[in-house]
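One structure is given below, encoded as structure tokens.
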Amino acid sequence: MKKMRFEQLPQFIPSSLNSGRYLHNIITYLFIFGLGLVVGLTLSFYLNDLSFNIKENFEKEKYPVESIMANASIPNPPPPPPPPPPPPILPDRSSASQNTGVPPPPLIPQPQQTQVYNNPHQPNKPVEVAEQTTLPIEKPKLPLQQPKPLPEQMPLPVQHPKQVVEHIPLAIQEQAQQQMPFQEPKPLLNIPPKPPEAMHSMSDEELLHRAATMSHLEKSRIDYVPKVAFMYLSRGDLPLAPLWERFFAGNEGRYSIYVHTQPFYNGNAPPQSVFHNRRIPSKTVEWGKFSMIEAERRLLANALLDVTNQRFVLLSEACIPLYNFSTVYKYLIESTQTFVESYDDPSNVGRGRYNHRMQPHVTLRQWRKGSQWFEVDRELAVDIIRDVLYYNLFKRYCKPDCYSDEHYLPTMLTMKFWYKNANRTLTWVDWSKGGPHPTRFGRYEVNVDLLNHLRTGECLYNGKPTNVCHLFARKFTYLSLSRLLLYSQKALYY
Ligand SMILES: *[C@@H]1O[C@H](CO)[C@@H](O)[C@H](O)[C@H]1NC(C)=O
Ligand SMILES: *[C@@H]1O[C@H](CO)[C@@H](O)[C@H](O)[C@H]1NC(C)=O
Ligand SMILES: *[C@@H]1O[C@H](CO)[C@@H](O)[C@H](O)[C@H]1NC(C)=O
């Protein structure tokens, strides 16, 4: 056969060509073919990558993270990211039966949220917690008044949690027995009722006065579920809202949310979102200025109006939770200490910012520095919004290059509550690169190793060593969201 072909060759090629030239041609063809193959492969990879980039750029333009929200009508929260999110963690109690019918990953946000109501794990939690919740160190600071009838727009403290405790478990258990695990959550009646809108028409003065004179629930009462107030300082929409939605899912009745935005933002999260109607009346906040303290007080005062809020966390729009809700909740509710970072920094960005006119109320020895991102209990929260003396002192004498948000609370709370403050913050941040702003994490910086790294530390909790030191971390940009959603189940356990 081969021979035949060689013999026939001269018929097809000009006779002047010899077999050497023919071989040369074959090699050339082969080379061109190989080149085509390489180009084809490269192109296909490139196109693959391109489609992803196009999408990302598109999203970047549509929801610029850094630009202050110029237009309130920007849709929110941002749509789920390109990679299909892993299905939310399901409680492992009845894992045997559930694993057989693992549901497909949710394609749209709603189903994910609805699954939370089928969570058979949830009902037990409120009861457990309610029984354990006595905060040991707390001393009643003011004569406790009997709860007065509250005005209509205030949250009614006791009834909602009761419903949580008594009604939900039964309903959900029945539902779990009767139905397939992931059907439409019909019995909406048994979900803890949504809290009233956070928006109101009180002025700052009215608000602070009302919050400061708010009655308190007795610590020993077990007929309510204590809540953690998550207070967000944001410009507009929370860029990482989808991650937080995942974090909160299934824990209704154990948290409340308050969002302070720039005043010209008037958007709202969609009705199924936990951030729907959670914006409080807000005023302009400028970085490093005293308006930051005012915004923090506004958040605290709004959160204090709900008497079941027992712990108060300040978060930024660039914060992520490093643990699942149950871990965070237990950590905060059972803590005997508050978490306001406070230390004495002898350098010129510490003591150097002290103004001697603050004497005799604040001396240089009392001057402290610390992160703005705090966590306090009810007693400290009330004290902060009642404070007039230090508030005015800092407003007057701590102006850039003195930053009140780094000195006011650390100094004041250390003077008054040194005995119960852990002096550390729960919010991890990376200052290692220097400059006035901490490191930001985008898409390419986020991986499982980083998240594991953020989750491990060495510190004291209720007087005992622990490796859970930071419950939150910043600064994460919107571009990191897809990665965070990808790893949240694997690395953050929610
Ligand atoms: C905001 O959106 C509205 C329509 O939704 C549009 O008419 C207006 O021009 C936008 N404003 C800015 C500043 O983009
Ligand atoms: C926090 O700092 C204050 C004042 O520096 C100190 O008295 C207190 O013991 C510290 N608390 C802890 C838990 O280290
Ligand atoms: C929460 O996370 C911890 C690990 O940090 C895990 O052991 C626990 O099972 C998780 N709880 C839920 C309800 O997913």
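In each ligand, atom 1 is the first atom listed, and ligand 1 is the first ligand listed. Because only heavy atoms are used, hydrogens play no part in the values below, and waters and symmetry mates are left out as well, while side chains stay in.
- The Q337 neighbourhood of ligand 2 comprises atoms 13 (C), with distances under 4.0 Å to a heavy atom of that residue.
- Close contacts between ligand 2 and N421 involve ligand atoms 11 (N), 12 (C), 13 (C) [criterion: under 4.0 Å to a heavy atom].
- Some N or O of N324 is nearer than 3.5 Å to an N or O of ligand 3, by distance alone.
- Relative to atom 5 (O) of ligand 2, the option among K420, R368, R424, M415 with the closest non-hydrogen atom is R368.
- Among D344, N423, V340, T414, the residue whose heavy atom sits closest to atom 11 (N) of ligand 2 is N423.
- Panel note: side chain R368, backbone H407; no donor-acceptor pair is recorded below 3.5 Å.
- Per-residue contacts place R455 under 4.0 angstrom from the following atoms of ligand 3 (heavy atoms of the residue considered): 5 (O).
- Exactly one of M292, E294, R235 qualifies for a side chain to side chain contact (heavy atoms under 4.5 Å, CB included) with V285. That residue is M292.
- Checked against the 6.0 Å centroid criterion, the rings of W244 and Y255 do not qualify as a close aromatic pair.
- The shortest N or O to N or O distance between W418 and ligand 2 is not under 3.5 Å.
- Here the side chain of D430 pairs no donor or acceptor atom with the backbone of T439 at under 3.5 angstrom.
- Per-residue contacts place S326 under 4.0 angstrom from the following atoms of ligand 3 (heavy atoms of the residue considered): 11 (N), 12 (C), 13 (C).
- Here CZ of F339 is found 15.0 Å from CG of L314. Values are rounded to the nearest 0.5 Å.
- Those atoms of ligand 3 that come under 4.0 Å of a heavy atom in T327, given as number and element, are 1 (C), 2 (O).
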**Worked check of salt bridge (charged side-chain N to carboxylate O under 4.0 Å, His left out) between R365 and D344** = CA-CA 8 Å; R365 274 192 57 206; D344 177 21; over 6 Å; no

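- Judged by distance alone, with hydrogens and angles left aside, the side-chain atoms of Y258 form no donor-acceptor pair with the main-chain N or O of R298 at under 3.5 Å.
- At a 4.0 Å heavy-atom cut-off, ligand 3 does not touch K330 at all.
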